[in-house]
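Order of appearance sets the numbers: ligands from 1, and atoms from 1 within every ligand.
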Amino acid sequence: MVTGREQHPTKTLEAERSNQALWDELAPVHYRSYREVEILRAGGEVLDEVETQELGPVTDRTLLHLQCHIGTDSLAWARRGARVTGVDFSARSIAMAETLARELQIPARFLHCNVYDLPQQLDERYDIVYTSRGVLCWLYDLQRWGGIIAHHLKPGGRFYLMESHPFCNLFDDSRPGRLQLIHSYFHDPRPVRWDSGDGDYDDASYVPCHPSYEWVWSIADVLGALLGAGLRLESVRELDRIFYRHFPGMVPCRDRWYQHPEHPGQLPLTFTLCARKPDPSAESVGGES
Ligand SMILES: C[S@@+](CC[C@H](N)C(=O)[O-])C[C@H]1O[C@@H](n2cnc3c(N)ncnc32)[C@H](O)[C@@H]1O
């Protein structure tokens, strides 16, 4: 349930603090409800083949996972051989991720840190920076985010994102049936406040106490933030399915993916992208200078 826009841009940090409290509240709920936890325990794969194919082999690569939540995807990449650092600003999410890593005996490092504070907290540069599924709406400054990604990539390193498509944000998601356009596609610095009276996105039986404050970003905002930080875009892809029931009445189309029942195959619901930090030393070999 949307309850209006936060009117004062100066309240951005208050909104962020409320989101942090929300994610601390949700961490134990998701630790119990996420199917990914059980899949990992059973030795199964929680990553989607779109991302594993697009990112390719990660063995012995260093991988920085931004907004890792309870670490399920981080641990899946670690099982594939990556040397993973997962970062999240929810202390309880990080505690759950560490518990799961210990239980499954998967080596991974987890860091309790706001993405925006990362350059002050973390010295390393990585082969891969990865972030996925429900991450952009929590960020209030995408230009700064792009700069932080570029900062933590080694020259030649790759950034990978899988995210819900901003197209989804345009429509009323409170009732099933025909799509009704009620929101703007374009970014507004004032976040929208949501009170999830209908229950959590993963565990509908749980109604969070804290509201969420969310920002929308267009495709151009995302690409602009990465290009502005000096990364080179290698691929962008749009998919006709999404990884959670964004609209009520969405129907499963394959394992852990959903489509709109009235428009199967017609709507852009997820996008992925891969961008690379230029490596000047590699480019000068055989080049003109
Ligand atoms: C939907 S979850 C991440 C998605 C993850 N793929 C999952 O489903 O487990 C969003 C995560 O972003 C984290 N987050 C939001 N804003 C953040 C920030 N500024 N810095 C670090 N983590 C942040 C939240 O704590 C939460 O764990």
Side-chain angles (χ1 to χ4, degrees), residues 12-40 45-48 50-52 55 63-78 84-101 108 110-122 129-149 152 160-164 168 191 194 196 200-203 206 208 210-215 217 225 242-246 256-258 270 272:
T12 295
L13 295 181
E14 262 175 51
E16 194 189 45
R17 268 195 293 278
S18 171
N19 287 340
Q20 198 169 3
L22 171 69
W23 284 107
D24 274 339
E25 182 189 347
L26 290 178
V29 176
H30 291 164
Y31 197 75
R32 286 190 301 272
S33 73
Y34 264 26
R35 264 183 69 202
E36 285 76 5
V37 172
E38 280 318 311
I39 294 172
L40 279 171
E45 181 56 271
V46 300
L47 299 167
D48 189 75
V50 170
E51 54 191 339
T52 56
L55 203 43
L63 185 151
L64 176 63
H65 182 183
L66 302 180
Q67 298 174 247
C68 67
H69 196 32
I70 58 172
T72 45
D73 293 340
S74 324
L75 295 175
W77 287 115
V84 173
T85 303
V87 172
D88 203 284
F89 75 172
S90 153
R92 293 187 85 186
S93 295
I94 289 297
M96 302 283 153
E98 286 171 340
T99 303
L100 193 58
F110 290 100
L111 184 63
H112 173 218
C113 184
N114 192 315
V115 164
Y116 292 120
D117 298 332
L118 213 45
Q120 289 79 50
Q121 303 283 325
L122 186 70
V129 175
Y130 164 88
T131 192
S132 72
R133 300 186 193 88
V135 285
L136 297 179
C137 63
W138 311 107
L139 301 174
Y140 59 83
D141 185 342
L142 226 52
Q143 302 269 339
R144 202 165 140 203
W145 169 80
I148 288 164
I149 290 164
H152 283 290
Y160 185 81
L161 169 71
M162 174 185 272
E163 182 57 298
S164 57
C168 300
W194 298 85
S196 59
D200 175 56
Y201 67 87
D202 195 66
D203 179 354
Y206 184 83
H210 295 89
S212 72
Y213 293 89
E214 302 182 26
W215 289 268
W217 298 102
I242 189 164
F243 39 86
Y244 69 106
R245 278 185 214 269
H246 180 87
R256 291 179 293 142
W257 286 96
Y258 301 88
T270 295
T272 68

Seminar exercise, completed: Partner of His30 under ring pair (Phe, Tyr, Trp, His ring centres under 6.0 Å), picked from Tyr244, Tyr201, Tyr206, is Tyr201
Heteroatom distance test ([X], ligand 1): nitrogen or oxygen, under 3.5 angstrom:
X: His69; result: yes
X: Tyr201; result: no
X: Trp23; result: no

Does a side-chain heavy-atom distance below 4.5 Å link [X] with [Y]?
X: Tyr34; Y: Val46; result: no
X: Thr72; Y: Tyr31; result: no
X: Leu100; Y: Glu36; result: no
X: Gln67; Y: Leu139; result: yes
X: Asp73; Y: Ser132; result: yes

How far is [atom] from its nearest protein heavy atom, and which residue and atom name does that atom have?
atom: atom 4 (C) of ligand 1; value: Arg133 O, 3.0 Å
atom: atom 14 (N) of ligand 1; value: Phe89 CE2, 3.4 Å
atom: atom 20 (N) of ligand 1; value: Val115 N, 2.9 Å
atom: atom 13 (C) of ligand 1; value: Asp88 OD2, 3.3 Å
atom: atom 19 (N) of ligand 1; value: Asn114 OD1, 2.9 Å
atom: atom 8 (O) of ligand 1; value: Tyr34 OH, 2.9 Å
atom: atom 3 (C) of ligand 1; value: Gln67 O, 3.4 Å
atom: atom 10 (C) of ligand 1; value: Gly134 O, 3.4 Å

For this session: Output the list of atoms in ligand 1 that are nearer than 4.0 Å to some heavy atom of Asp73, sorted by atom number.
Result: 6 (N)
Problem set entry | Residue Trp138 vicinity, atoms of ligand 1 by number, heavy atom under 4.0 Å |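 In order of number, 10 (C), 15 (C), 16 (N).
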For this session: For Asp88 and Cys68, work out which heavy atoms get closest and say how close.
Result: OD2-N, 3.4 Å
Seminar exercise, completed: Short version for Cys113: what comes under 4.0 Å of ligand 1, heavy atoms counted, is backbone
Exercise. Which bit of Glu16 is near ligand 1, meaning a heavy atom under 4.0 Å away: side chain, backbone, both or neither?
Worked result: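 The part of Glu16 near ligand 1 is the side chain, not the backbone.
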Exercise. Do the ring centers of Phe89 and Tyr116 come within less than 6.0 Å of each other?
Worked result: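 Here the rings of Tyr116 and Phe89 have centres that are no less than 6.0 Å from each other.
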Exercise. Taking the inter-plane angle between the rings of Phe243 and Trp257 on a 0 to 90° scale, is it parallel (under 30°), tilted (30 to 60°) or perpendicular (over 60°)?
Worked result: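 Because their plane-to-plane angle is over 60°, the rings of Phe243 and Trp257 count as perpendicular.
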Exercise. Among side-chain atoms of Asp24 and Ser90, is any donor-acceptor pair under 3.5 angstrom?
Worked result: yes
